[in-house]
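Worksheet: one structure, shown below.
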Amino acid sequence: MKAALRGCPDSRTQQKLIEAIEQRIERMAAYFGRISGVEADDLRQEAWVAVLETLPRLDMRIGNPEQHLLQRARWRILDTIRAHWRAHTVSIPEGCLEAPSFDPTETFDLIALMELLSPLQQRILRALLEGYTAREVAEILGCSPANVAYHVRRIREAYKSLEAESLAAIDTEQGQNSP
């Protein structure tokens with residue numbers, strides 16, 4: 001580490017920063033290693049790479065340099081964990097990705113659902129049914145993705161209530177038809 005700092009301007013200040021965050025990086029790597037199953041030594045090494053990459057470009061006058069370096073280390077650790085999980089995930093066989101043979105028109109009345117929704121929720125549902133992502137819908141409607149997520153939750157609630165009503169109606173019909 002000391003060799004990497006040679007030639008950097010203000011290496012004494014940078015050395016103090018490294019000493020200040022050293023224990024926190026050790027604990028952070030150990031913690032994420034325990035909860036993710038990735039080797040803590042690998043995470044620690046990646047964290048130090050992030051710190052050493054950031055250190056020469058660090059502006060000591062802006063914000064808290066220790067927090068900035070720790071955040072960079074944390075991001076690198078999380079990226080390493082994601083890459084590890086991707087590398088160790090079993091791929092899905094091609095036959096499993098086929099569309100299910102579910103026809104929502106047989107068991108679901110879209111018009112009845114639309115009547116339960118507000119005009120904005122109707123627009124969101126139409127866009128989602130057309131294949132847009134929630135983020136794209138937010139851009140189209142000029143609102144935040146969180147707002148779209150809120151309305152999607154409300155649409156699901158309306159769908160569940162409509163589904164419960166239809167199941168209750170089916171149960172009532174079956175009860176009347178049985179001897």
Side-chain angles (χ1 to χ4, degrees), residues 1-102 104 121 124-125 127-157 159-160 163:
M1 225 176 315
K2 291 180 182 178
L5 292 176
R6 269 188 233 128
C8 294
D10 201 20
S11 63
R12 184 177 296 143
T13 305
Q14 290 178 354
Q15 187 62 36
K16 286 181 184 178
L17 274 173
I18 286 176
E19 289 170 4
I21 65 173
E22 191 168 8
Q23 286 185 342
R24 300 229 5 228
I25 286 181
E26 294 291 322
R27 286 188 306 218
M28 190 177 1
Y31 170 76
F32 283 115
R34 267 193 321 274
I35 65 171
S36 69
V38 178
E39 282 290 322
D41 289 337
D42 293 343
L43 297 177
R44 184 180 311 108
Q45 182 178 1
E46 289 295 328
W48 283 115
V49 167
V51 167
L52 293 175
E53 286 176 353
T54 306
L55 210 50
R57 296 177 274 125
L58 187 64
D59 189 352
M60 303 292 231
R61 300 166 295 175
I62 300 174
N64 184 342
E66 290 176 22
Q67 291 302 314
H68 180 73
L69 291 172
L70 287 170
Q71 185 64 41
R72 290 291 179 152
R74 184 176 301 115
W75 289 342
R76 187 65 159 266
I77 285 173
L78 294 175
D79 286 344
T80 302
I81 292 170
R82 275 189 219 104
H84 176 74
W85 284 348
R86 271 189 232 116
H88 292 86
T89 302
V90 177
S91 62
I92 300 173
E94 285 188 32
C96 294
L97 294 177
E98 295 175 7
S101 62
F102 171 70
Q121 290 169 345
I124 289 171
L125 180 59
L128 291 172
L129 289 173
E130 290 174 9
Y132 290 101
T133 66
R135 193 172 285 158
E136 292 170 334
V137 173
E139 288 176 19
I140 291 168
L141 297 177
C143 61
S144 71
N147 194 351
V148 171
Y150 168 81
H151 286 293
V152 167
R153 283 193 302 275
R154 297 295 167 254
I155 292 168
R156 284 186 185 133
E157 289 171 5
Y159 171 75
K160 287 178 183 176
E163 188 178 40

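Any value given below was found using the heavy atoms of this structure, including those in side chains, with hydrogens, waters and symmetry copies removed. Note that the structure is predicted; figures quoted are calculated from it, not measured.
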Checklist outcome for this item: CD of Glu26 to CZ of Arg24, rounded to nearest 0.5 Å, is 13.0 Å
Item to check | CD1-CG distance between Ile124 and Leu128, expressed to the nearest 0.5 angstrom | outcome: 7.5 Å
Checklist outcome for this item: Looking only at heavy atoms, the pair that brings Glu66 and Leu17 closest together is CG-CD2, 3.4 Å
Item to check | Arg82 bridged to Asp79 by N-O distance under 4.0 Å | outcome: yes
Next on the checklist: How long is the straight-line distance from OH of Tyr159 back to CG of Leu125, given to the nearest 0.5 Å?
Outcome noted: 11.5 Å
Item to check | Value rounded to 0.5 Å, distance of NE2 in His68 from CG in Leu55 | outcome: 9.5 Å
Identify every side-chain donor-acceptor pair in residues 32-39 under 3.5 Å, counting partners at least two apart or on other chains, and give the distances.
{"from": "Ser36", "atom 1": "OG", "to": "Phe32", "atom 2": "O", "distance (Å)": "2.6"}
{"from": "Ser36", "atom 1": "OG", "to": "Val38", "atom 2": "N", "distance (Å)": "3.2"}

Next on the checklist: How long is the straight-line distance from CE of Met28 back to CG of Leu78, given to the nearest 0.5 Å?
Outcome noted: 9.0 Å
Item to check | salt bridge (Lys or Arg N to Asp or Glu O under 4.0 Å) against Arg74, all qualifying residues, sequence neighbours excluded | outcome: none
Please output the side-chain donor-acceptor pairs of residues 136-151 that fall under 3.5 Å, not counting sequence neighbours, one pair per line with the distance.
{"from": "Glu136", "atom 1": "OE1", "to": "Thr133", "atom 2": "N", "distance (Å)": "2.9"}
{"from": "Glu136", "atom 1": "OE1", "to": "Thr133", "atom 2": "OG1", "distance (Å)": "3.4"}
{"from": "Ser144", "atom 1": "OG", "to": "Asn147", "atom 2": "N", "distance (Å)": "3.1"}
{"from": "Asn147", "atom 1": "OD1", "to": "His151", "atom 2": "NE2", "distance (Å)": "3.1"}
{"from": "Tyr150", "atom 1": "OH", "to": "Arg154", "atom 2": "NE", "distance (Å)": "3.3"}
{"from": "His151", "atom 1": "ND1", "to": "Gln121", "atom 2": "NE2", "distance (Å)": "3.4"}

Item to check | Test item: Glu22 and Trp48 side chains (from C-beta on) under 4.5 Å apart, heavy atoms | outcome: yes
Checklist entry - Considering all heavy atoms of both residues, which atom of Ala73 and which atom of Ala47 are nearest to each other, and what is their separation? => result CB-CB, 3.8 Å
Checklist entry - Is any side-chain heavy atom of Tyr31 less than 4.5 Å from a side-chain heavy atom of Leu43? => result no
Checklist entry - Just wondering, are more than 12 heavy atoms of other shown residues or ligands nearer than 6.0 Å to CD in Gln23? => result no
Next on the checklist: Taking the side chain as everything from C-beta on, heavy atoms only, tell me whether Arg72 gets closer than 4.5 Å to Val51.
Outcome noted: no
Item to check | Contact check, side chains of Glu53 and Arg76, non-hydrogen atoms, under 4.5 Å | outcome: yes
Checklist entry - What's the spacing between Ile21 CD1 and Gln67 CD if we round to 0.5 Å? => result 10.0 Å
Item to check | Check: Leu69 and Ile18 side chains under 4.5 Å, non-hydrogen atoms | outcome: no
